[in-house]
Amino acid sequence: MNVQVKKVYRNSYLNIISALFKKLGLPQLIDHLVPVDPQCQTRVSDAVQAILYNVFDGRQALVHLEHWAQEVDCEKLIRPDLHPSWLNDDALARHLDRLYEAGIHNVISTCLIHIYRKEGLSLRAFHADTTDKTVYGAYESASLEALQITHGYNRHHRWQKIGFGLVGNEDGIPFYGDVHDGNLPDKTWNPEVLSRVHEQLKQAKIEDEWIYVADSAAMTKETLAQTKAANAFLITRGPSSLRIVKTALAEADAEDTTWSDPFTLAERNGATYRVWETASTYEGHPVRLIVVESSALDQRKGKTLEKERTKEAELLREEQARWERHPFSCREDAEQALASLKASLRPRFHRVEAAVEETVRLKKRRGRPKKGAEPEVETLYFLHLDVEFDQDAWEQARRKASRFVLVTTVPKEWKGQPMDAQEILKLYKGQISVEMNFAFLKDPFFTDEIYVKKPERVAVLGYLFLLALAIYRVFQRRVRQFITPEHPLKGPGGRKLTRPTGQAIFQLFQYVNVVLFKLPDGRIQRSLDRSLTPDQRRILQGLGMDESIYV
């Protein structure tokens, strides 16, 4: 029996992503939104899948994607009878243009809404933020409506950039995403995106109230007004420059202020918090102000305080040495200098006791003194400084530095649930989910440099990165539902994985290969090059999959 090995594919975890993409029904949805062109050998969904799987496999420029497609099992990953040569850069460029013409923002938004429906995800609270990404090249466009690739600067060089905006749930799954001009300020983006998210919710036939969580750039009159118009509530961090924030911090520092008991939000090794709440108005909108004190001093603020303390100690040592070397001939001059010194020295972290000291000493004369002459003496006055580190002031400064103010329009009871200060803080701390998404969008493994000729194609690629992010987060969420502290996975080096990242799961499937055999009757048969491990089988089973995704 003559069985030939036709090909060996290094498919690893791509088959899992492919199976998930198809289970979500995204290929059919994309081809519905951008109909198949009968003159093309490939569909838009083929191009989208090829680009996405290449992102997960360590993204390359589109010009190299055809060669990459030769090394993976495209017929299994994308669809039967798909030849890798069809995924050349010309075909991909045409599909990018078709996606742009069909309205790439609407295409991806529809896909994100579809994912939320399929996964049954909560629409209670959304976290929002923006970031930018560097791009390279000379881009030309005939349309002023196209993405404007702008320039940024730092002390080293000048670069080109685009902006990403994200709104997603606590699991980091985007519900809304956009690719915008690199210099769009957050204070402009927030009111605009609130309106667009509201439209997406209406498109999904959801008219319920929801919560919008954003950073301090959202604390504007326009954002508050748009939040109300979008049937939403706002949670944001109050800028320290605002009068109502300064007032709240001052009131929280009063001796009679009643703080909450310390509590933690994390299960272990987490910071402890205390909260105190007051109320105010901002630009005509009633708001709740929640002063939060964290045991985990912000690292940047901690370094700043330490620098200030060191600088102040050095300054006081210099002043101490200078005045103790400087004599005054009369007490009046010394007292005047002492008053001036006390007025100028306002140390934060030290106690300084200053006084005038009288010293009587021999008066120095030139030459040899006469024999039998009485030695002359003089009375001089010096300023003596006694400097001592003020531990209480230092602890108070650290405590104040660890405080921040949350501003919210969420009522104290919402949908039958108490929304106390602790719950508001918990929702705000979920902001890390959108920040973790930016790590994905900026990771060179997933989203390396963008090499395309037109801003329109840059925009489409940017939106496809957002779709890849959504798939990644859905995959991670599904795995974490059955990988628990009680039933962890065994990672590299025997390390227990209780909340594994998507990349940690990818590593477990890194060396799964598929062998294509050509049978004597001409049929092609796929087979794994080795048996799956118990953990690999467990993951596939938990995802509702089995070995058939490979063979």
Side-chain angles (χ1 to χ4, degrees), residues 123-132 163-170 172-201 208-249 275 277-292 294 298 403-412 414 419 421 423-438 441 466:
L123 299 168
R124 173 174 174 261
F126 290 120
H127 300 269
D129 206 350
T130 66
T131 190
D132 55 58
F164 283 108
L166 278 178
V167 178
N169 68 357
E170 62 274 12
I173 301 174
F175 178 76
Y176 169 92
D178 62 37
V179 182
H180 55 253
D181 301 349
N183 288 336
L184 181 68
D186 283 4
K187 289 185 177 181
T188 302
W189 181 81
N190 276 299
E192 292 178 356
V193 80
L194 273 160
S195 176
R196 291 172 184 169
V197 172
H198 188 216
E199 288 301 317
Q200 280 195 201
L201 288 168
D208 206 2
E209 294 176 333
W210 53 288
I211 296 174
Y212 183 78
V213 187
D215 63 13
S216 59
M219 192 60 194
T220 65
K221 178 181 179 180
E222 294 75 17
T223 302
L224 283 166
Q226 192 56 55
T227 302
K228 188 174 182 180
N231 198 29
F233 299 104
L234 176 67
I235 298 176
T236 185
R237 185 163 176 163
S240 57
S241 59
L242 282 185
R243 181 181 299 175
I244 59 172
V245 172
K246 291 179 179 178
T247 302
L249 287 170
V275 292
E277 181 176 340
T278 184
S280 185
T281 59
Y282 181 73
E283 298 290 354
H285 297 272
V287 294
R288 296 165 60 190
L289 298 168
I290 298 167
V291 182
V292 181
S294 170
D298 181 271
R403 290 177 182 173
F404 59 92
V405 178
L406 297 180
V407 183
T408 182
T409 60
V410 178
K412 291 193 174 183
W414 183 57
M419 302 297 289
E423 182 65 22
I424 297 299
L425 174 62
K426 183 178 178 181
L427 283 171
Y428 177 76
K429 296 296 286 185
Q431 189 73 356
I432 192 174
S433 62
V434 71
E435 294 168 358
M436 292 295 289
N437 283 340
F438 294 152
L441 292 174
L466 294 178

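Between the OG1 atom of Thr236 and the CG atom of Asp215 there is a distance of 6.0 Å, given to the nearest 0.5 Å. Here CZ of Phe175 is found 8.5 Å from CH2 of Trp210. Values are rounded to the nearest 0.5 Å. Going from atom CG of Leu289 over to atom CG of Leu249 covers 9.5 Å, rounded to the nearest 0.5 Å. A distance of 5.5 Å separates CG in Leu224 from CE in Met219, rounded to the nearest 0.5 Å. To the nearest 0.5 angstrom, Thr408 atom OG1 is 7.0 Å from Ile211 atom CD1.
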Which atom pairs, one a donor and one an acceptor, fall under 3.5 Å between side chains of residues 225-235 and the rest of the protein, sequence neighbours left out?
from	atom 1	to	atom 2	distance (Å)
Thr227	OG1	Thr223	O	2.6
Asn231	ND2	Glu207	O	2.9

Between side-chain atoms of residues 277-285 and protein atoms elsewhere (two or more places apart, or another chain), which donor-acceptor pairs fall under 3.5 Å?
from	atom 1	to	atom 2	distance (Å)
Glu277	OE1	Arg288	NH2	3.2
Glu277	OE2	Arg288	NE	2.7
Glu277	OE2	Arg288	NH2	3.3

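Not counting sequence neighbours, the partners of Asp186 by the side-chain hydrogen bond (donor to acceptor under 3.5 Å, both in side chains) test are Thr130. With sequence neighbours excluded, no residue forms a salt bridge (Lys or Arg N to Asp or Glu O under 4.0 Å) with Asp129. Applying the side-chain hydrogen bond (donor to acceptor under 3.5 Å, both in side chains) criterion to Trp189, with sequence neighbours excluded, gives Asp178. Listed by chain and number, the residues in a side-chain hydrogen bond (donor to acceptor under 3.5 Å, both in side chains) with Gln200 are Ser109 (sequence neighbours excluded). Taking the side-chain contact (heavy atoms from CB on, under 4.5 Å) definition, one finds that Ile432 meets it with Glu435, Met436, sequence neighbours left out. Under the side-chain hydrogen bond (donor to acceptor under 3.5 Å, both in side chains) criterion, Thr188 pairs with no residue at all, not counting sequence neighbours. Every residue two or more places apart in sequence or in another chain that forms a salt bridge (Lys or Arg N to Asp or Glu O under 4.0 Å) with Glu199 is listed here: Lys202. Scored by the side-chain contact (heavy atoms from CB on, under 4.5 Å) test, Lys246 finds no partners at all (sequence neighbours excluded).
Val275 and Ala421 make their closest contact through CG2-CB, 3.8 Å (heavy atoms, listed as atom of the first residue, atom of the second, distance). Of all heavy-atom pairs between Asn190 and Ala214, the closest is OD1-CB, 3.9 Å. Across Gly177 and Leu166, no two heavy atoms sit closer than the pair CA-CD2, 4.3 Å. Taking both residues in full, the closest heavy atoms of Val167 and Ala128 are given as CG2-CB, 3.7 Å, listed atom of the first, atom of the second, then distance. Nearest heavy atom pair, residue Met419 against residue Pro411, reads CB-O, 3.3 Å.
Under a cutoff of 6.0 Å and an axis angle of 45°, Arg196 and Tyr176 do not form a cation-pi pair.
Pairs passing the ring pair (Phe, Tyr, Trp, His ring centres under 6.0 Å) check and including a residue from residues 211-230, sequence neighbours excluded, do not occur. Here salt bridge (Lys or Arg N to Asp or Glu O under 4.0 Å) pairs that include residues 423-434, with residues two or more places apart or in two chains, are Arg124-Glu423.
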Are Leu406 and Leu425 close enough, and set up right, to give a side-chain contact (heavy atoms from CB on, under 4.5 Å), and what steps lead you there? CA-CA 8 Å; Leu406 297 180; Leu425 174 62; 4.0 Å; yes

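Counting heavy atoms from C-beta on, the side chains of Phe126 and Val213 never come closer than 4.5 Å.
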